[in-house]
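Notes for the one structure printed next.
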Amino acid sequence: MGSAHPIGVFDSGYGGLTILREIHRRLPDYDYLYLGDNARNPYGVRSMETVYRFTLQAVNTLFERGCNLVVLACNTASAKALRSIQQNDLPAIWQGEGRDLKRVLGVIIPSVEAMGEFSVNGHIGILATQGTVASRSYQLEAAKYHPDFKVTAEACPMWVPLVEYGEAGSDGADFFVSRHINSLLERDTDIDTILLGCTHYPLLLDKILKYVPRGIRVVAQGAIVADSLADYLTRHPELERECSKGGSMEFLTTESPEIFSEAAATFLGMPVEASQISL
């Protein structure tokens, strides 16, 4: 990759491509390097220790390939690994290099910060994986940024497989989508905003909107994260200057590149050609 310093985007699978799509739309001039750990997906059912280990491997791989800034476009990785990487691993990397121009960002804090822009009454519903819900990351961060808000999270274990196996538009998906939306809204009947707390879920948006009552806002993370990244780069010009700007996108996967490329085109809305790597 020479002296290029792309912005790294990592996900356990394909869902992060919905984040990359919005980031690229918002910031088209930069180079991007996407890494999907598809061979070990899903992360949502794995232990915190395993998710941390896998995520750190991916982050180090992206650093080795020239990235100075990595976005964890995965709610599970953001919930279970981001804080440890930021507090423990990055300082060691900075010390070894004698400078601190390597950063890792997640998707949960920007999403929580934006809650106040979307909700009128402060009752927020989160639809997410088991791992994200079990971490209580959304509730913990909301307590800092919006202490008066009530956040209710619903785990949707079947939603990622539905998307990954191309069943998002099937009749069978209706059962699982309606079941979890109904469960969420029964637990807090005052919810006025639902955040899709998994980057796969925008692919189920048509089904979700079918079962969410009128008057409740459904929010995906892509545009939120893209706006947050743009703001971050503005506030950190020393890091922004390091990011190369060739308008390119490169894709890496731990799975078959043919399988990845075919599925990724659905998420990204454009042809994708991937390379296979091992972590």
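The figures here come from the full heavy-atom set of this structure, side chains too, leaving out hydrogens, waters and symmetry mates.
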Polar contact flag, side-chain donor to acceptor under 3.5 angstrom, [X]-[Y]:
X    : Y    : result
S47  : E49  : no
D192 : H123 : no
N75  : T132 : no

Does a sphere of radius 6.0 Å around [atom1] in [X] hold more than 12 heavy atoms from other residues, nucleotides or ligands, not counting ones at 6.0 Å or beyond?
X    : atom1 : answer
E273 : CD    : no
E97  : CD    : yes
Q95  : CD    : no
R187 : CZ    : yes

Donor-acceptor under 3.5 Å ([X] side chain, [Y] main chain):
X    : Y    : value
T55  : A77  : no
D231 : D227 : no
E141 : V112 : no
D11  : G36  : no
H236 : Y232 : yes
S170 : E167 : yes
S78  : L72  : yes

Would [X] and [Y] show up in the same hydrophobic cluster when neighbours are defined by side-chain heavy atoms closer than 4.5 Å?
X    : Y    : answer
I277 : V59  : yes
V120 : M115 : no
L203 : V107 : yes
V9   : V160 : yes
Y14  : V71  : yes

>> Using a 6.0 Å distance limit plus a 45 degree cone around the ring axis, check whether K80 lies over the aromatic ring of Y52.
In response: no
>> Does D174 form a side-chain contact (heavy atoms from CB on, under 4.5 Å) with Y211? I'd like the steps, not just the answer.
In response: CA-CA 9 Å; D174 285 73; Y211 294 104; 2.6 Å; yes
Between [Y] and [X], is there a side-chain heavy-atom distance shorter than 4.5 Å?
X    : Y    : answer
F10  : V104 : no
T18  : Q221 : no
K245 : E240 : yes
H5   : C243 : no
Y30  : I23  : no
V218 : L196 : yes
V133 : E154 : no
F267 : V272 : no

From [atom1] ([X]) to [atom2] ([Y]), nearest 0.5 Å:
X    : Y    : atom1 : atom2 : result
L229 : I224 : CG    : CD1   : 13.5 Å
T152 : D188 : OG1   : CG    : 4.5 Å
I194 : I208 : CD1   : CD1   : 8.5 Å
R53  : M48  : CZ    : CE    : 14.5 Å
L184 : I126 : CG    : CD1   : 8.5 Å
L233 : E238 : CG    : CD    : 10.0 Å

>> For a side-chain contact (heavy atoms from CB on, under 4.5 Å) check, start with the C-alpha distance between L204 and V177, then their side-chain angles and the critical distance, and finish with the verdict.
In response: CA-CA 8 Å; L204 286 164; V177 170; 4.3 Å; yes
>> Under a 4.0 Å threshold between the charged nitrogen and the carboxylate oxygen, would K210 count as salt-bridged to D206?
In response: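 Not counted as a salt bridge, because no side-chain N and carboxylate O are separated by less than 4.0 Å.
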> Between R179 and E186, does at least one N-O distance fall below 4.0 Å, as a salt bridge requires?
Replying inline: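 Looking at R179 and E186, the cut-off is not met.
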>> Before we go on, tell me: are the rings of W159 and F176 under 6.0 Å apart, centre to centre?
In response: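 Not under 6.0 Å, so no.
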Where is the tightest heavy-atom contact between [X] and [Y], given as atom of each residue plus distance?
X    : Y    : answer
L140 : S135 : CD1-O, 3.9 Å
S261 : A274 : OG-N, 3.1 Å
A173 : K207 : CB-CE, 4.2 Å
S137 : I108 : CB-CD1, 3.8 Å
K102 : C67  : CE-O, 4.0 Å
R83  : K144 : NH2-NZ, 3.5 Å

> Going through the checks in order, is the side-chain contact (heavy atoms from CB on, under 4.5 Å) test met by I109 and Y145?
Replying inline: CA-CA 9 Å; I109 290 178; Y145 293 94; 3.3 Å; yes
>> side-chain contact (heavy atoms from CB on, under 4.5 Å) for L90 and D100? Distances and angles first, verdict last.
In response: CA-CA 8 Å; L90 280 182; D100 66 350; over 6 Å; no
>> Listing request: all side-chain hydrogen bond (donor to acceptor under 3.5 Å, both in side chains) pairs with a residue in residues 33-42, at least two apart in sequence or in separate chains.
In response: S12-N41, D37-R40, D37-Y43, D37-T254, N38-T253, R40-Q57, N41-E164
